[in-house]
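Scroll down for the structure; my scribbles are underneath it.
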Amino acid sequence: MSNGVDKPEVAKWDPGFTRQIVNRVGPLIKRYFRAEVRDLDRMPAAGGALVVSNHSGGMFTPDVLVFAPEFYKRFGFDRPVYTLGHDAIFVGPVGDLLRRAGVIEANRDNAAQALRDGALVLVFPGGDYDAYRPTFTENVVDFNGRKGYVRTAIDAGVPIVPMVSIGAQETQLFLARGDSLARRIGLNRLRADILPISVGFPFGVSVFFPPNVPLPSKVVTRVLDPIDIAAEFGDDPDIDMVDLHVRAVMQEALDELARERRFPVLG
C-alpha cells in the first residue's frame, strides 16, 4: 500500500486544511495589510493556468496569503491553487503543512502535473532575488533572467496569467540583496544567491537574520489578462519574446499601481 510519503506532491493538498487557513489567517492578513485583490474576474474559470507574479516583502512576503484567500472566496475549493516553493522550505513538519496548504516543490514535473489536473499554479520567477530587491527599485519587475516559467506553460498548453502586487516592498527598508557578499563567502554552495541587508522593526539593521516584523503597508494585487501563447506567438514561440512580453505587461500594470500610490506604507 502506498503511504503519504509516496504520494505525488499535488495529491498532498488538503482542501479542508486550506479552508481553515483561508478562514482564520486570511482575514488577519487582509486587515493588517488592508489588502485588495483586483480583477479576479480575469482569472480563467476552468482549466490549468500558470499565474506569474512579482514577489515582494522579503522573508515574510504576504503575496500568497493576500491572493489565495480571495481566489478561494470567489471560486471555491474545488480547484486548488498550488504555489511553487524552493525546496529549502520543506523541512520537517513545516514541509508537511506547506504541502497540505498547496505549496509544492518548484520543479517542472510538479508544475506539469498540477496544470494537467486543471489547477492554478502560482510561480514567482524572481524568487528571493525579487522579494529582496532594494527599496529604490521596489516597483521594478525583476526575474533575474529566469524564463523557465514560459517553457512550463508551453509544454502544458496553458495560458500565462500575469499578476502584479505593490506595497509589500514597503514593509521594511531593503538596502541591498548582498549577492556579491553571498558569492564571496560561498553561499552558492548552499543554493543561496543573496545575503540581504535591510532595516526594520524591532531589530534595526538585519543581514537576513534576525528577521524584522513587516510594517502594515497597504498591499494591492491586480490580476491581468491571460496570455494565450500559441494565439499570440504561434506554434513555435520564441521563449525570449514571450518572457519580454510578460514582463512588459506586468511592468506597465505595476507602474499604474505605483502612480495611484500617494504615500509609502499608507498607500
Side-chain angles (χ1 to χ4, degrees), residues 18-43 51-75 81-85 89 97-98 101-103 120 122-124 126-142 161-175 196 198-204 206 208 210-224 250-251 253-267:
T18 304
R19 187 188 297 270
Q20 290 181 37
I21 296 175
V22 166
N23 291 341
R24 295 177 183 176
V25 181
L28 298 177
I29 294 294
K30 184 170 184 175
R31 189 175 303 117
Y32 187 80
F33 292 107
R34 292 160 289 140
E36 298 179 31
V37 177
R38 300 178 183 174
D39 300 325
L40 259 175
D41 56 316
R42 293 178 175 176
M43 196 66 68
V51 182
V52 178
S53 179
N54 62 323
H55 206 21
S56 305
M59 183 180 296
F60 295 128
T61 170
D63 292 331
V64 177
L65 289 173
V66 167
F67 169 71
E70 294 302 310
F71 174 85
Y72 285 121
K73 186 173 11 174
R74 171 73 67 90
F75 296 103
V81 175
Y82 292 109
T83 302
L84 300 182
I89 67 175
L97 295 175
L98 288 173
V103 183
L120 289 188
L122 175 57
V123 60
F124 302 99
D128 287 347
Y129 187 87
D130 196 17
Y132 283 101
R133 63 191 180 277
T135 295
F136 69 86
T137 59
E138 64 182 347
N139 296 324
V140 176
V141 176
D142 191 346
V161 182
M163 185 170 74
V164 292
S165 183
I166 195 169
Q169 213 64 10
E170 299 171 7
T171 57
Q172 56 188 294
L173 179 64
F174 294 92
L175 300 179
S198 60
V199 179
F201 174 84
F203 301 111
S206 169
F208 194 68
N212 283 299
V213 175
L215 295 175
S217 178
K218 180 173 177 58
V219 175
V220 177
T221 297
R222 181 180 167 198
V223 179
L224 308 180
M250 290 177 66
Q251 189 62 62
L254 193 56
D255 289 342
E256 290 176 3
L257 291 178
R259 286 193 292 270
E260 292 180 12
R261 208 165 179 88
R262 291 191 278 182
F263 300 103
V265 182
L266 299 178

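Being a predicted model, the structure only gives us computed values, none of them experimental.
With hydrogens and angles disregarded, no donor-acceptor distance shorter than 3.5 Å links the side chain of Q172 to the backbone of F201. At least one donor-acceptor pair closer than 3.5 Å links the side chain of Q251 to the backbone N or O of N139. No donor-acceptor pair closer than 3.5 Å links the side chain of R42 to the backbone N or O of D39. Between the side chain of Q169 and the backbone N or O of S56 there is no donor-acceptor pair closer than 3.5 Å. Proximity of a side-chain donor or acceptor of T83 to a complementary backbone N or O of V103 within less than 3.5 Å is not detected.
L257 CG to R222 CZ: the interatomic distance, rounded to the nearest 0.5 Å, is 6.0 Å. Here the OG1-CZ distance, from T171 to F33, works out to 6.5 Å after rounding to the nearest 0.5 Å. Between R259 atom CZ and I166 atom CD1 the span is 10.5 Å, to the nearest 0.5 Å. To the nearest 0.5 Å, the span separating CG on L173 from CZ on F136 amounts to 11.0 Å.
The residues E260 and K218 are annotated as not salt-bridged, no charged nitrogen and carboxylate oxygen being separated by less than 4.0 angstrom.
Between L254 and N54, some side-chain heavy-atom pair lies under the 4.5 Å cut-off. Looking only at side-chain heavy atoms (C-beta outward), V81 and F67 come within less than 4.5 Å of each other. Looking only at side-chain heavy atoms (C-beta outward), Y82 and L120 stay at 4.5 Å or farther from each other. Looking at heavy atoms from C-beta onward, E36 lies out of side-chain contact with T221 at the 4.5 angstrom threshold. Taking the side chain as every heavy atom from C-beta outward, T137 and D142 never approach each other to under 4.5 Å. The closest side-chain heavy-atom distance from E170 to L215 is not below 4.5 Å. No side-chain heavy atom of V52 sits less than 4.5 Å from a side-chain heavy atom of M163. Between V123 and V51 there is no side-chain heavy-atom pair separated by less than 4.5 Å.
Under the side-chain contact (heavy atoms from CB on, under 4.5 Å) criterion, P162 pairs with I160, L224, I227, V249, M250, not counting sequence neighbours. The side-chain contact (heavy atoms from CB on, under 4.5 Å) search around N23 returns R19, not counting sequence neighbours. Under the side-chain contact (heavy atoms from CB on, under 4.5 Å) criterion, Q20 pairs with R24, sequence neighbours left out.
The aromatic rings of F208 and Y132 sit tilted relative to each other, their planes meeting at an angle between 30° and 60°.
Closest approach of P62 to V219, counting heavy atoms only: CG-CG2, 4.4 Å. Considering all non-hydrogen atoms of both residues, N212 and P202 come closest at OD1-N, 3.4 Å. Here the closest heavy-atom approach between residue E70 and residue K30 is recorded as OE2-NZ, 3.6 Å. The minimum heavy-atom distance linking R133 with F174 is given by the pair O-CB, 3.5 Å. In terms of heavy atoms, S217 sits closest to R261 at OG-NH2, 3.2 Å. Of all the heavy atoms in T18 and A101, the pair that sits closest is OG1-CA, 3.7 Å.
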The test is side-chain contact (heavy atoms from CB on, under 4.5 Å); show your working for L98 and I89 and say whether it passes.
CA-CA 9 Å; L98 288 173; I89 67 175; 3.9 Å; yes
Would you sort out whether L122 and D63 count as a side-chain contact (heavy atoms from CB on, under 4.5 Å), showing the intermediate values?
CA-CA 10 Å; L122 175 57; D63 292 331; over 6 Å; no
